[in-house]
Amino acid sequence: MGPQDHAESWHRLGSEEFDVVVIGGGVTGAGAALDAATRGLKVALVEARDLAAGTSSRSSKLFHGGLRYLEKLEFSLVREALHERELMLTRLAPHLVKPVSFLYPLTRRVWERPYTAAGLLLYDTMGGARSVPGQKHLTRAGAQRMVPALKRDAMVGGIRYYDAQADDARHTMTVARTASRYGAVVRTSTQVVEFLHDADRIAGVRVRDAEDGSETEVRAQAVINATGVWTDELQRLSGGRGRFRVRASKGVHIVVPRDRIVAETGMILRTEKSVLFVVPWDNHWIIGTTDTDWNLDLAHPSATRADIDYVLEHVNSVLATPLTQDDIEGVYAGLRPLLAGESDESSKLSREHAVARVAPGLVAIAGGKYTTYRVMAADAVDAVAGDVSGRIASSITDRVPLLGADGYHALVNQADQLASEYGLHPYRIRHLLDRYGAMTPDVLALADERPELLKAVPEAAEYLQVEVVYAVSHEGALHLEDVLTRRTRISIEYPHRGVDSAEPVARLMAEQLGWDEQRIAHEVEVYQARVEAERDSQIQPDDQAADERRAAAPEVRREISEPVS
């Protein structure tokens with residue numbers, strides 16, 4: 001998925017006919033492309049911006065069953081999600097998805113411990129074979145030792161349980177790269193501007209290159225609309241009526257340094273509306289989330305001062321040393337695509353997904369949660385079976401490891417040798433293995449002739465310069481924000497939000513993409529404007545004001561128009 005592949009894929013889109021075109025480069029779209037390709041179908045995936053540019057890079061970064069859904073008696077959803085969590089941990093993506101522990105603080109005597117224990121027992125057993133430890137009960141003193149940061153009076157005891165976590169943007173990109181490995185044409189910066197019709201059926205899409213504005217027609221027997229919160233907009237573009245509506249619910253997370261909360265485990269806290277996660281994230285904590293309706297710009301949801309204060313207020317209610325605004329390194333806001341239901345409160349809408357054959361040749365999928373993306377993708381491809389000529393095979397993605405999974409465990413055992421070979425600390429190698437898995441030697445090989453690439457990215461010590469080069473040469477990154485925001489997470493992990501690393505990263509990218517000095521300056525300027533607009537939006541009192549500030553930043557993909565996909 002390098003620059004040359006990007007150019008070649010444009011020619012292929014316009015000159016070949018596909019069985020299925022998938023619109024949307026989030027995890028569901030990438031999953032659908034992988035599912036269809038591994039069934040033997042000829043597939044194209046088009047995304048207007050970047051892989052995981054929307055919801056799929058802005059989640060709580062968990063693969064979890066959804067403990068709170070047990071209380072809503074959504075047992076089938078929890079069971080399905082836990083099964084998917086198990087597949088990811090053991091077979092499909094062990095390099096990307098890792099176990100993570102949480103403390104559930106108990107605040108009520110007598111009844112809460114057995115009530116919560118019963119729910120966690122269901123949680124521990126629903127997922128089938130278990131690759132994470134079961135629940136462990138703690139006294140107040142035991143819980144305090146595990147999380148010294150908690151106020152002593154914030155609990156009467158606790159229960160530790162396990163879920164799993166992953167870098168959502170990296171995982172989504174890896175799903176898309178795996179689809180490409182199995183023959184799918186995957187192209188970003190490619191916006192659907194029109195649906196093609198053949199009599200009463202959808203016969204493909206017309207797409208615009210979001211970089212230079214050129215257009216071409218992509219012929220296909222079936223189209224899958226996997227655009228998440230843009231589902232309704234694409235539905236209107238197709239000229240048909242949707243079978244369901246999607247509501248966008250905004251979730252805001254903050255990122256703080258690891259030393260601000262002294263704890264050896266994450267936490268899950270009850271709020272009046274939902275739950276709040278405190279998730280360990282390398283040298284940081286991710287804390288969130290909010291859950292409010294969003295009716296403004298779908299591409300750039302904005303966190304407000306009120307959102308940030310809400311998160312701080314709830315986490316500070318249990319912390320002995322409160323967090324302040326000055327502790328925050330990063331903030332991000334994402335939109336959940338919830339199926340519109342009878343309730344007016346987004347926090348009460350189901351996370352079940354729905355698939356509908358909207359018109360002959362067009363299927364839409366929406367709802368669901370990140371953890372169950374593979375099931376959603378399989379359902380979407382099943383739904384186009386009637387539009388694709390010939391009998392299509394059953395889904396096999398439960399047996400298709402993602403790129404980097406095969407050979408990962410062997411390389412973990414060889415980490416010290418790899419470290420010695422490249423003159424790196426074994427910690428660095430393990431960090432790379434958890435990002436690239438068995439592809440790590442390919443990343444390091446880019447430094448064989450240029451050992452200086454094994455130095456850290458300036459002002460972002462957790463990443464190596466060779467990772468920037470690899471992001472462009474193999475992972476489809478086309479712009480500075482693609483690297484700083486999604487291929488790495490520099491934009492949320494450092495107080496400078498990536499600004500201090502922008503120019504050196506842009507210069508590394510320029511070598512691969514042929515940028516001149518003017519283009520380097522433009523990329524840096526646009527990124528700085530984006531960060532400035534985001535910072536400005538985060539001190540505004542409400543969504544309207546925050547959206548206006550965020551909208552002031554220019555689009556790096558100049559030919560993007562609304563609606564987008």
Side-chain angles (χ1 to χ4, degrees), residues 48-50 52-60 168-169 228-230 232-233 246-256 271-274 276-277 286-316 323-338 344-347 481 484-486 489-499 525-557 560-564:
R49 287 187 167 87
D50 184 29
T55 304
S56 294
S57 61
R58 307 177 194 180
S59 72
S60 296
D168 47 7
V229 292
W230 286 277
D232 293 351
E233 290 194 8
V246 174
R247 283 173 55 181
S249 168
K250 183 176 69 169
V252 171
H253 295 78
I254 64 173
V255 183
V256 301
T271 71
E272 64 275 11
K273 294 180 180 178
S274 181
L276 192 79
F277 285 104
I286 292 176
I287 308 171
T289 178
T290 61
D291 200 348
T292 55
D293 274 347
W294 178 263
N295 300 303
L296 301 167
D297 183 8
L298 296 177
H300 307 297
S302 307
T304 66
R305 180 63 180 253
D307 295 325
I308 295 168
D309 286 346
Y310 171 89
V311 175
L312 286 174
E313 177 189 347
H314 282 80
V315 74
N316 284 340
L323 298 172
T324 69
Q325 290 277 345
D326 292 339
D327 292 321
I328 296 174
E329 292 179 307
V331 179
Y332 64 93
L335 300 177
R336 304 176 193 88
L338 303 181
D344 288 334
E345 295 182 43
S346 63
S347 60
E481 74 165 35
L484 294 176
T485 307
R486 288 174 288 275
R489 307 320 290 266
I490 293 171
S491 66
I492 62 170
E493 292 176 344
Y494 293 89
H496 58 75
R497 311 277 176 98
V499 170
E525 182 183 333
V526 170
Y527 184 79
Q528 289 173 337
R530 169 200 153 155
V531 172
E532 185 178 339
E534 286 179 346
R535 287 187 186 278
D536 196 8
S537 70
Q538 290 159 15
I539 60 174
Q540 301 307 315
D542 56 50
D543 285 347
Q544 188 72 47
D547 183 65
E548 289 174 4
R549 298 299 199 282
R550 179 60 183 86
E555 282 278 3
V556 70
R557 289 170 167 84
I560 282 281
S561 62
E562 298 293 342
V564 303

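The figures that follow rest on heavy atoms only: side chains count, while hydrogens, waters and symmetry mates do not.
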field: Distance, nearest 0.5 Å, that separates CG of L276 from OG1 of T271
entry: 7.0 Å
message: If you apply the rule salt bridge (charged side-chain N to carboxylate O under 4.0 Å, His left out), what do you find for E534 with R497, and how did you get there?
response: CA-CA 10 Å; E534 286 179 346; R497 311 277 176 98; 5.3 Å; no
field: I539 CD1 to I308 CD1 distance, which is reported to the nearest 0.5 Å
entry: 9.5 Å
task: Verify salt bridge (charged side-chain N to carboxylate O under 4.0 Å, His left out) between R550 and D297, making sure each step is shown before the conclusion.
output: CA-CA 9 Å; R550 179 60 183 86; D297 183 8; over 6 Å; no
field: Result of checking D291, T304, T290 against V252 for side-chain contact (heavy atoms from CB on, under 4.5 Å)
entry: T290
- prompt: What distance do T292 atom OG1 and K250 atom NZ have between them, rounded to the nearest 0.5 Å?
  reply: 5.0 Å
field: Contact summary for A52 and A169, nearest pair of heavy atoms
entry: CB-CA, 3.9 Å
task: Return the orientation label for the Y310 and H314 ring planes: parallel under 30°, perpendicular over 60°, tilted otherwise.
output: tilted
message: For a 4.5 angstrom cut-off between non-hydrogen side-chain atoms, does W230 reach P337?
response: no
query: Can any side-chain N or O of D547 pair as donor or acceptor with the backbone N or O of D543 at less than 3.5 Å?
result: no
query: Which pair of heavy atoms, one from P301 and one from A333, lies closest together, and at what distance?
result: CG-O, 3.5 Å
task: Examine distances only and state if a side-chain atom of D542 and a backbone atom of A545 form a donor-acceptor pair shorter than 3.5 Å.
output: yes
query: Of all residues at least two apart in sequence or in a different chain, which pass the salt bridge (charged side-chain N to carboxylate O under 4.0 Å, His left out) check with D309?
result: R305
Atom pair CZ/CZ of R336 and R247 - distance to nearest 0.5 Å: 12.5 Å
- request: Please report the C-alpha distance between R489 and D168 in whole Å, then the side-chain angles of each, then the deciding distance to 0.1 Å, and finally whether the salt bridge (charged side-chain N to carboxylate O under 4.0 Å, His left out) criterion is met.
  value: CA-CA 10 Å; R489 307 320 290 266; D168 47 7; 3.1 Å; yes
query: How many angstroms lie between OG1 in T289 and CZ in F277, if you round to the nearest 0.5 Å?
result: 10.0 Å
message: Just verifying a value: how many Å separate Y527 OH and S491 OG, rounded to the nearest 0.5 Å?
response: 4.5 Å
message: Can you list everything that forms a salt bridge (charged side-chain N to carboxylate O under 4.0 Å, His left out) with D536? Sequence neighbours excluded, please.
response: R549
query: Do R530 and T485 have side-chain N/O donor and acceptor atoms under 3.5 Å apart?
result: yes
